[in-house]
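One structure is given below, encoded as structure tokens.
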Amino acid sequence: MSLERFISDAISPWMKREGPESDIVLSSRVRLARNIHQFVFPIAADKESAHEVIASISSCMNGENDAAEAENFEMLMMEKLKPIQKRVLVEKHLISPNLAEQAKYGAVLMNDDESVSIMLNEEDHIRIQCLAPGFQLEEVLHKANEIDDLIEKSVDYAFDEKRGYLTSCPTNVGTGLRASVMMHLPALVLTKKMSRIIPAINQLGLAVRGIYGEGTEAQGNIFQISNQMTLGKSEEDIMEDLAGVVTQVIQQERAARKQLQDGLKLQLEDKLFRSLGTLENCRIIQSKEAAKCLSDVRLGIDLEILPGISKTILNELMILTQPGFLQQYAGEVLTPEERDIRRATLIRERIKLENR
Amino acid sequence: MNCEECHEREASLHFTKIINGEKTEFHICEHCAKEKGEFMPGSNSFSIHQLLSGLLHGDGHVPNTPSSNFIPPSLSCEKCGMSYYQFAKIGRFGCENCYKAFDSKLNPIFKRVHGGNTLHAGKIPLRAGSSIQEKKQLQQLKQALQQYILNEEFEKAAETRDIIREIEHRLEQGRDS
């Protein structure tokens, strides 16, 4: 497979559009957790009832239903995918690690541009996930609500007047809504302000995490900010709180970038050009170093210090250089050492493609 | 026996997991075992359920001396069979009925997890929640009715009263059926 073809597959079509504030906010995401009335939750379900869940949701997404009209949803059953294929879906953020690894009878319905994925039999029967580039929380909530309403036309949800949408985990009950934004915050990290911002965000009832969610490290200065509470607040209030904090963090990051450019221009340029040099010339590179250099290059593009490279390169290479993708590209299982060599080759080729 | 992961190669590794007396067997080939053992982003981490289970355990443990916190071993969900102990251990409900079965124990948990909140304030499903929607609408209409009477807008008040009667009638019928 040629690199060009592979890249086009690696990047979801929705990622190629440029969204608002995309110099700092990479993507916005909303997830709604839902369960079907009278069915035991996936954790306790047997094969028959799990398959019934899949059948009923797939028929209402692909049936003659009015709102599903323009979109074509494709179904993937987890049991039919190879481990590497599942891993690639996780690296593209299209499914959760939990669905890939643990869900016995898991499945996912995905639309053409991969901006909507509906996970079935994950922790809950239904998890509607909508993604959009840049800072577009309202838009993704609107889309998720549309799909929610569409499913609800033919399915009775597990719902209680007092507790709201009943979910498998007590942390999701109520709205079942988890909204998050993925932010690239290199200047706040460089100026050592991030360590003060994180506790402040936590105090407001929001969580700050690394790129792959819960418990993961902030690779390449990418942070995910999301709501923690789902009970006692309306969807609109939850989104407003999150959007307010994100707006503030954007302002802080811009100020820190300006501070770096004004006070330490030469040092900054040196750092960013060196990182570009590393990526252009490396022969062996570990994922952590690659992520760091990619973050620098992205900052260099945003600050117009490194011209001639497209903005989407970070998004692309962050995903392309993950172990699952590297192995899929290679068509074989690779040792960590082999992956470091492949990663270096891939990054060099990709940047060369850009300079052509 | 074929590998349960790839369904292609012969399974050479056999695992048996026993949780709460429930036995699960797992057969896998060496190739897939190696794959599975590798770090899947986000999955190897300290999970929210471990954390939650820690919180719940404080509540669910059998104390040496009986106290108000004591959970009778019989507290369990009649629909899915999950006991409160199991729930406290895994931090997840087995079905929607668990919310009713463990209701008396849930408020403190929700308060801790959701910043002091225990009641839903968000979206209501259109169909399943039609009677809930109507009840809310009824409340609003009753308030409006009071206001019309105070403002001496009797024509509007009469209209509103009729709508209220209609909804009340519908809700009554819904309860009977």
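Convention: sequence-line order gives letters A, B, ...; per-chain numbering from 1.
- Contact annotation: the side chain of Lys123(B) approaches that of Asp149(A) to within less than 4.5 Å [non-hydrogen atoms, C-beta and beyond].
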Can Asp103(B) and Arg163(A) be said to form a side chain to side chain contact (heavy atoms under 4.5 Å, CB included), step by step?
CA-CA 10 Å; Asp103(B) 190 56; Arg163(A) 310 291 194 196; 2.9 Å; yes

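- Phe39(A) has its side chain out of reach of Glu96(B): every pair of non-hydrogen atoms, C-beta onward, lies at least 4.5 Å apart.
- The line from CD1 of Ile124(B) to OH of Tyr157(A) is 15.0 Å long, rounded to the nearest 0.5 Å.
- At a threshold of 4.5 Å between non-hydrogen side-chain atoms, the residues Tyr99(B) and Val173(A) count as touching.
- Side-chain contact between Lys79(B) and Gln38(A) is present, with heavy atoms from C-beta onward closer than 4.5 Å.
- Put simply, the side chain of Met229(A) does not reach to within 4.5 Å of the side chain of Val113(B), judged on heavy atoms.
- Both the backbone and the side chain of Thr167(A) come within contact range of chain B, each with at least one heavy atom under 4.5 Å from a heavy atom of that chain.
- For chain B, the nearby part of Lys82(A) is the side chain; its heavy atoms alone come within less than 4.5 Å.
- Looking at Glu236(A), there are no atoms closer than 4.5 Å to chain B (heavy atoms on both sides), in backbone or side chain.
- At a 4.5 Å heavy-atom cutoff, Asp237(A) makes no contact with chain B through either its backbone or its side chain.
- Heavy atoms of Leu231(A) lying under 4.5 Å from chain B belong to its backbone as well as its side chain.
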